[in-house]
Amino acid sequence: MTENVVVVTGVDPRAALDTLQALHEAGSLELRAAAVVRRDADGHLSLDHEAGDAVSFAERHPRLGAVVTLLLGPLDTLLFGNQLVSLFGASERTAEELAVGQVAQAVPAGGEALIADVDEPDPGLLDAKLAGATLTRRPYSEVEKELGNGSV
């Protein structure tokens, strides 16, 4: 099994969530947590009303909640501003090389996406089930390492 943070764009995020839940129920993958998010034209990310606020989501789903909470800042600030510097210090890698930066960039300005924490034995299965969607995967271990505490 491969544990990933997956961002699904290009399709209705609620339909993508239904697909992930069906795969979970069938035992084809483990869906640990998911959130539908919106990014406005200014780059600010917000959770779908069904996910609740960031604090309650993070309490229910601490692993994915840590990632989503980080992403709640504006995209340009996350990638180029003080949040990135304070979180990652003087990293040798560019924002585009960072796993968290790649997750942030996958959510389009003015669009919606599904962000999920999944453990999948075969990533090709999800790709096939969500044909027409764009899936961005980052190994959860890389995201966790960047968040810096190992117990996200």
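In what follows, residues are counted from 1 in the order of the sequence shown. These figures come from a predicted structure and were not determined experimentally.
In this structure, CD on E120 lies 13.5 Å from NE2 on H24, to the nearest 0.5 angstrom. One distance of note links CG of L29 with OG1 of T2; it measures 11.5 Å at 0.5 Å rounding.
Between V6 and L20, the closest side-chain pair of non-hydrogen atoms is not below 4.5 Å. Residues L17 and L31 form a side-chain contact, since some pair of their non-hydrogen atoms from C-beta on lies under 4.5 Å apart.
Taking all atoms of both residues into account, the shortest heavy-atom contact from A113 to T9 is CB-CG2, 3.6 Å. Closest non-hydrogen pair, A41 versus A109, comes out as O-CB, 4.3 Å. P121 approaches S28 most closely through the heavy-atom pair CD-O, 3.1 Å. Minimum heavy-atom separation, R14 to V36: NH2-CG1, 3.9 Å.
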Atom pairs and distances, donor-acceptor, side-chain atoms in residues 123-135, under 3.5 Å, two or more places apart:
residue, atom, partner, partner atom, Å
D127, OD1, R137, NH1, 3.0
D127, OD1, R137, NH2, 3.2

